2 protein chains.
Amino acid sequence: MLKVHQCEDVLDRVLTLVVMLNDDMTQGLGALGLTSSRAHLLWELGQRGPVPQRVLAAALKITPRAVTGLVDALVASGLVTREPHPSDRRAALVTFTATGQTLIAQLERDHEALASALFAPMSRAELDCFEQWLTDVTARLRAHQAVTAAAPPD
Amino acid sequence: MLKVHQCEDVLDRVLTLVVMLNDDMTQGLGALGLTSSRAHLLWELGQRGPVPQRVLAAALKITPRAVTGLVDALVASGLVTREPHPSDRRAALVTFTATGQTLIAQLERDHEALASALFAPMSRAELDCFEQWLTDVTARLRAHQAVTAAAPPD
DNA sequence: TATTGTTATACTCTATAACTATA
DNA sequence: TATAGTTATAGAGTATAACAATA
């Protein structure tokens, strides 16, 4: 059992890394003329192909109204279009333009490059150790959330 | 050397954990009636004691104007006050109220509780392994940032 | 009646620029 | 002249609520 201050040190180091990672990714997206939210939408679209906006709302965990705003901005940038849904005239299929295709391919290359830069040098032993840590911490975080949700704070 | 897809899997698992961690913290703050930005300001204030707003702007890496807005909101909530600076009549010292003191103490307890829940069960060996991983990845991220900043994307 | 996406409105966070009061 | 903090203005992201068109 680690002491509380040791645990807090670890948490703070993790949060520092999270901030660095976020800054790095945000800066990379900014160089491509994208905000985080718009890039996230494009990413989900890249995973799914043309989909109606409600699918993106669910994937991004935002309201349909917020999706409208993001898609409007991406249409204005020429990255996606709203195409008619073949069987549901209420819905629009958000679809990449050629420019959008090029950009999502770049995003995927950047994602690979970042992942490789960070993790390719890991040894098999390090990977095993880290994956164990990740599994343990994820499980503990889930348990912690269950506890705090059940016991309302004072 | 790990393969690219293995690296991407690790990155995605890390990012999933980051999202979970962020959701947990955001939810905890919401239960206390705080947004992330306001809580971050209170946290920095708790580390420093009464300080002028420019110190908070530097700590939070936001503009002085943005600090004005956050402090306005915290004053309206009765958590801080603007007190006159003893030697510089241009500046205001942002200072906790009694309510604010109580709240920052709660934030500190929550921080400890989260840190302990996540990391207290780690063994000495796991801690050593994880700290090595953290050091390595942080260094690689710094190197990666230096490279991408030097070579502008196509 | 339920669903898809919109218009209308509002709040939070952030930024730049111009300005006041003070140093 | 420089600094601390403000007003003014703007943009991005998000939310709820009311509504249109369609299912």
Side-chain angles (χ1 to χ4, degrees), chain A residues 19 22-23 25-45 48 50-77 79-95, chain B residues 19 22-23 25-45 48 50-77 79-95:
Chain A
V19 169
N22 189 55
D23 286 351
M25 295 195 298
T26 302
Q27 182 191 322
L29 295 175
L32 297 173
L34 289 174
T35 64
S36 297
S37 295
R38 292 172 195 177
H40 194 178
L41 190 150
L42 291 180
W43 186 266
E44 296 295 339
L45 191 60
R48 285 154 224 267
V51 286
Q53 293 183 191
R54 79 187 141 72
V55 173
L56 296 170
L60 300 172
K61 292 177 185 163
I62 59 179
T63 61
R65 179 62 186 89
V67 174
T68 298
L70 295 175
V71 172
D72 283 352
L74 292 168
V75 168
S77 309
L79 299 174
V80 303
T81 56
R82 287 184 173 97
E83 300 298 327
H85 190 292
S87 64
D88 185 342
R89 285 192 300 175
R90 294 171 304 179
L93 287 179
V94 182
T95 309
Chain B
V19 169
N22 189 57
D23 286 351
M25 293 194 301
T26 302
Q27 182 191 322
L29 295 176
L32 296 173
L34 289 173
T35 64
S36 297
S37 294
R38 292 173 195 176
H40 194 177
L41 190 151
L42 290 181
W43 186 265
E44 295 296 339
L45 191 59
R48 287 154 220 267
V51 285
Q53 294 185 189
R54 75 187 146 71
V55 173
L56 297 171
L60 300 173
K61 293 178 185 161
I62 59 179
T63 60
R65 179 60 185 88
V67 174
T68 298
L70 294 176
V71 172
D72 283 352
L74 292 168
V75 168
S77 309
L79 299 174
V80 304
T81 56
R82 287 183 172 97
E83 300 297 327
H85 189 292
S87 64
D88 185 342
R89 283 192 301 173
R90 294 170 305 177
L93 289 178
V94 182
T95 309

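A, B, ... follow the sequence lines: proteins, then strands. Residue 1 opens every chain. Fair warning: this is a prediction, and the values are worked out from it, not measured in the lab.
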Worksheet entry | d(NE2, A/H40; C1', D/dA12) in whole Å | 17 Å
Worksheet item: Closer than 4.0 Å, any side-chain N/O of B/T68 to the OP1 or OP2 of D/dG5?
Response: no
Worksheet item: Is any side-chain heavy atom of A/L70 less than 4.5 Å from a side-chain heavy atom of A/I62?
Response: yes
Worksheet item: Could you state the interatomic distance from OG1 (A/T68) to CD (A/Q53), rounded to the nearest 0.5 Å?
Response: 5.0 Å
Fill in: side-chain contact (heavy atoms from CB on, under 4.5 Å) partners for A/A91, two or more places apart
A/P52, A/H85, A/D88
Practice prompt. Compare all side-chain heavy atoms of A/L34 with those of A/L79 and state whether any distance is below 4.5 angstrom.
Written response: yes
Fill in: Under 4.0 Å protein heavy-atom contact, by nucleotide of nucleotides 9-18 of chain C - B base, S sugar-phosphate only
---SSSBB--
Worksheet entry | Pairwise side-chain contact, B/L74 with B/V94, heavy-atom cut-off 4.5 Å (strictly under) | no
Item to complete: Could you pull out all residues at least two apart from B/T63 that satisfy side-chain contact (heavy atoms from CB on, under 4.5 Å)?
Response: B/R65, B/A66
Discussion item. When you measure from the side chain of B/S37 to the backbone of B/T35, do you find a donor-acceptor pair of N or O atoms at a distance under 3.5 Å?
Written reply: no
Worksheet item: Is any side-chain heavy atom of A/R82 closer than 4.5 Å to a side-chain heavy atom of A/D72?
Response: yes
Discussion item. Expressed as a whole number of angstroms, how long is the span from A/Q53:CD to C/dT3:P?
Written reply: 17 Å
Worksheet entry | Whole angstrom value for the distance that separates C1' of C/dT4 from CZ of A/R82 | 12 Å
Measure all distances between protein nitrogen or oxygen atoms and nitrogen or oxygen atoms of nucleotides 21-23 of chain C, and list the pairs falling under 3.5 Å.
| unit_1 | atom_1 | unit_2 | atom_2 | d |
| --- | --- | --- | --- | --- |
| C/dA23 | OP1 | B/R89 | N | 2.9 |

Discussion item. To check you understand the geometry: which heavy-atom pair defines the closest contact between B/T26 and B/S36, and what is its length?
Written reply: OG1-OG, 4.0 Å
Discussion item. Using five pairs at each end of the helix from C/dG5-D/dC19 to C/dA23-D/dT1 to define an axis, what is the angle between those two axes, to 10°?
Written reply: 10°
Practice prompt. Would you give the length of the straight line joining atom OG1 of B/T95 to atom CG of B/L45, rounded to the nearest 0.5 angstrom?
Written response: 7.5 Å
Fill in: Whole-Å distance separating the CG atom of A/L93 from the P atom of C/dT4
13 Å
Fill in: Residue pairs passing the salt bridge (charged side-chain N to carboxylate O under 4.0 Å, His left out) test where at least one lies in residues 31-45 of chain A, sequence neighbours excluded
A/E44-A/R48
